[in-house]
Amino acid sequence: MDLGLKGRVVLVTGSTQGIGRAAARRFLAEGASVVINGRDEARVAKAVEELSKESGGTVRGAAGDVGTVEGTKAVIDAVPDVDVLVNNAGIFEPKPFVDIPDEDWLAFFQANVMSGVRLSRHYFPRMMEKNWGRIIFISSESAVQIPAEMIHYGTTKTAQLAVARGLAELTAGSNVTVNSVLPGPTRSEGVDGFIKSMAKQSGQSEAEMEAAFFRTARPSSLLRRFATPDEVANMIVYVASAVASATNGAAVRVDGGVVRSIT
């Protein structure tokens with residue numbers, strides 16, 4: 001199936017690794033021109049080089065911390081116009097609620113919410129003017145099932161849903177869409193390292209550690225394993241595609257069935 005992404009300019013924030021990098025790779029496979037973003041210039045350059053060799057496609061970098069005003073401006077200056085914006089950059093950290101200071105709450109809001117707000121504020125009017133565009137917020141199942149171990153993170157993921165839905169309301173009658181994608185537990189590099197470390201410390205296998213996680217922390221999962229970044233990327237690229245033209249204002253789950261609600 002032709003997803004209608006050939007030649008489209010796609011900016012994926014936080015794309016030097018994990019879900020963002022998997023999405024970038026998938027966009028390149030569809031013939032899109034992809035912009036890699038991350039906070040560290042060296043890591044961005046390395047990701048660009050590796051993805052270029054892998055795909056043979058058009059890929060470039062735009063380094064900048066989109067959780068800051070200055071970093072966002074650097075990215076916008078480097079890439080003033082895009083067809084698809086994937087707001088993937090974000091941070092998370094388990095921490096007891098009573099131990100989360102104001103500074104952490106504000107830092108999480110800046111990184112997880114304001115990054116997408118600022119970028120969308122720039123690119124959205126240009127998409128509307130062209131009458132075509134896609135904005136996708138990478139939220140989480142934690143947006144609808146706030147995890148007790150990181151309430152601040154879950155709160156920012158819920159805020160992303162609100163921003164995306166509100167922005168979608170402004171697209172009425174156009175060929176611009178704004179949606180959210182809600183991954184469940186995903187075996188990104190960070191999670192993979194955590195599982196390996198915990199398995200080594202406990203004397204268990206990685207498979208045993210993974211099974212224990214879903215038995216205790218995410219017992220509602222139907223997948224009963226971590227999703228791969230590629231599995232999440234497939235959903236992101238579909239939502240960004242021309243064939244998803246009737247999907248707008250939606251919160252699309254790729255959570256392995258963790259969320260029990262049918263709405």
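The structure presented is a predicted model; accordingly, all values stated were derived computationally and were not measured. Along the sequence shown, residues carry numbers from 1.
Leu51 and Val10 fall within the same hydrophobic cluster, defined by Ile, Leu, Val, Met, Phe, Trp and Tyr side-chain heavy atoms under 4.5 Å apart, directly or through other members. Each of Leu3 and Val9 belongs to its own hydrophobic cluster when Ile, Leu, Val, Met, Phe, Trp and Tyr are linked at side-chain heavy-atom distances under 4.5 angstrom. Under a hydrophobic-cluster definition in which Ile, Leu, Val, Met, Phe, Trp and Tyr are linked whenever side-chain heavy atoms come within less than 4.5 Å, directly or via other members, Met128 and Leu85 are assigned to the same cluster. No chain of hydrophobic side-chain contacts below 4.5 Å, direct or via other Ile, Leu, Val, Met, Phe, Trp or Tyr residues, connects Val86 to Val117. Under a hydrophobic-cluster definition in which Ile, Leu, Val, Met, Phe, Trp and Tyr are linked whenever side-chain heavy atoms come within less than 4.5 Å, directly or via other members, Ile262 and Val259 are assigned to different clusters.
Between the Arg43 side chain and the Arg39 main chain, no donor and acceptor come within less than 3.5 Å of each other. Within the 3.5 Å criterion, the main-chain N or O of Ile100 finds no donor-acceptor partner in the side chain of His152. A donor-acceptor contact shorter than 3.5 Å links the side chain of Gln160 to the backbone of Asn112.
Atoms CD and CD, from Gln17 and Glu189 in turn, are 4.5 Å apart once rounded to the nearest 0.5 Å. Annotation: the span from Glu231 atom CD to Arg225 atom CZ amounts to 4.0 Å, rounded to 0.5 Å. Distance check, rounded to the nearest 0.5 Å: CG of Asp77 to OG1 of Thr72 gives 10.5 Å. The CG atom of Asp40 sits 11.0 Å away from atom CG of Asp65, with the distance rounded to the nearest 0.5 Å. To the nearest 0.5 Å, the span separating CG on Asp81 from CG on Asp83 amounts to 6.5 Å. Expressed to the nearest 0.5 Å, how far CD1 of Ile151 lies from OG1 of Thr156 amounts to 12.0 Å.
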Name every donor-acceptor pair, under 3.5 Å, that has one atom in a side chain of residues 24-38 and the other anywhere in the protein, sequence neighbours excluded.
from, atom 1, to, atom 2, distance (Å)
Arg25, NE, Glu54, OE1, 3.0
Arg26, NE, Asn234, OD1, 3.2
Arg26, NH1, Glu30, OE2, 2.7
Asn37, OD1, Gly14, N, 3.1
Asn37, ND2, Ala62, O, 2.9
Asn37, ND2, Gly64, O, 3.1

Name the atoms and distances for all side-chain donor-acceptor pairs under 3.5 Å in residues 137-147, with sequence neighbours left out.
from, atom 1, to, atom 2, distance (Å)
Ser139, OG, Lys157, O, 3.0
Ser140, OG, Ser142, N, 2.9
Ser140, OG, Ser142, OG, 3.3
Glu141, OE2, Arg218, NE, 3.0

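Residues Thr13 and Ala89 approach most closely at OG1-N, 2.9 Å, considering heavy atoms. The heavy-atom pair separating Glu208 from Ser205 by the smallest distance is OE1-N, 2.8 Å. In this structure, Asn179 and Ala250 approach most closely via the heavy-atom pair OD1-N, 2.9 Å. Residues Arg253 and Ser261 share a closest heavy-atom pair of NH2-O, 2.8 Å. The minimum heavy-atom distance between Ser120 and Leu167, with the atom names listed, is CB-CD2, 3.8 Å. Contact record, Ser241 with Val243: OG-CG2, 3.0 Å, taken as the closest heavy-atom pair.
When side chains are defined from C-beta on, Met209 counts as touching Ser202, because their heavy atoms get closer than 4.5 Å. In this structure, the side chains of Thr228 and Thr186 stay at 4.5 Å or more apart for every pair of heavy atoms. By the 4.5 Å heavy-atom criterion applied to side chains, Arg134 and Ser245 are counted as neighbours. For the pair Asp255 and Leu182, the minimum side-chain heavy-atom distance is 4.5 Å or more. With a 4.5 Å cut-off on side-chain heavy atoms, Val252 and Met235 count as touching. With a 4.5 Å cut-off on side-chain heavy atoms, Ile76 and Leu119 count as touching. Looking at Val258 and Pro185, their side chains come closer than 4.5 Å, going by heavy atoms from C-beta outward. The side-chain heavy atoms of Ile135 and Met127, taken from C-beta on, include a pair separated by under 4.5 Å.
Taking the charged nitrogens against the carboxylate oxygens, Glu50 and Arg21 do have a contact shorter than 4.0 Å, which makes a salt bridge. At a threshold of 4.0 Å, the pair Lys95-Asp104 counts as salt-bridged, since one of the basic side-chain nitrogens sits closer than that to a carboxylate oxygen. Between Glu206 and Arg187 there is a salt bridge, since a side-chain N of the basic residue sits under 4.0 Å from a carboxylate O of the acidic one.
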Notebook entry, point to check: Yes or no on side-chain contact (heavy atoms from CB on, under 4.5 Å) for Ile136 and Val181, after CA distance, side-chain angles and deciding distance?
Noted result: CA-CA 7 Å; Ile136 303 168; Val181 171; 3.9 Å; yes
Item checked: Working for side-chain contact (heavy atoms from CB on, under 4.5 Å), residues Glu93 and Phe108 -> CA-CA 9 Å; Glu93 178 191 27; Phe108 268 69; 4.0 Å; yes
Next item on the list: May I have the step-by-step check of side-chain contact (heavy atoms from CB on, under 4.5 Å) for Val69 and Arg118, ending in yes or no?
Entry: CA-CA 8 Å; Val69 173; Arg118 293 186 184 107; 3.6 Å; yes
Checklist line | Residues Val84, Trp132; criterion side-chain contact (heavy atoms from CB on, under 4.5 Å); working and verdict | finding: CA-CA 9 Å; Val84 178; Trp132 201 95; 4.2 Å; yes
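A donor-acceptor contact closer than 3.5 angstrom links the side chains of Thr171 and Asn248. In this model, a donor atom of one side chain and an acceptor atom of the other lie less than 3.5 Å apart for Gln201 and Ser197.
Within 6.0 Å of CZ in Phe92 there are 12 or fewer heavy atoms belonging to other residues, nucleotides or ligands. With a 6.0 Å radius and a threshold of 12 heavy atoms from other residues, nucleotides or ligands, Glu129 has its CD atom at or below the threshold. For Arg224, the CZ atom counts as loosely surrounded, since its 6.0 Å shell holds 12 or fewer non-hydrogen atoms of other residues, nucleotides or ligands. Residue-environment remark: CD (Glu41) stays at or below the threshold of 12 foreign heavy atoms within 6.0 Å. Counting non-hydrogen atoms of other residues, nucleotides and ligands closer than 6.0 Å to NZ of Lys130 gives a total above 12.
Within the structure, the ring-ring contact (aromatic ring centres under 6.0 Å, His included) test picks out the following pairs touching residues 221-263 (sequence neighbours left out): Phe213-Phe226, Phe214-Phe226.
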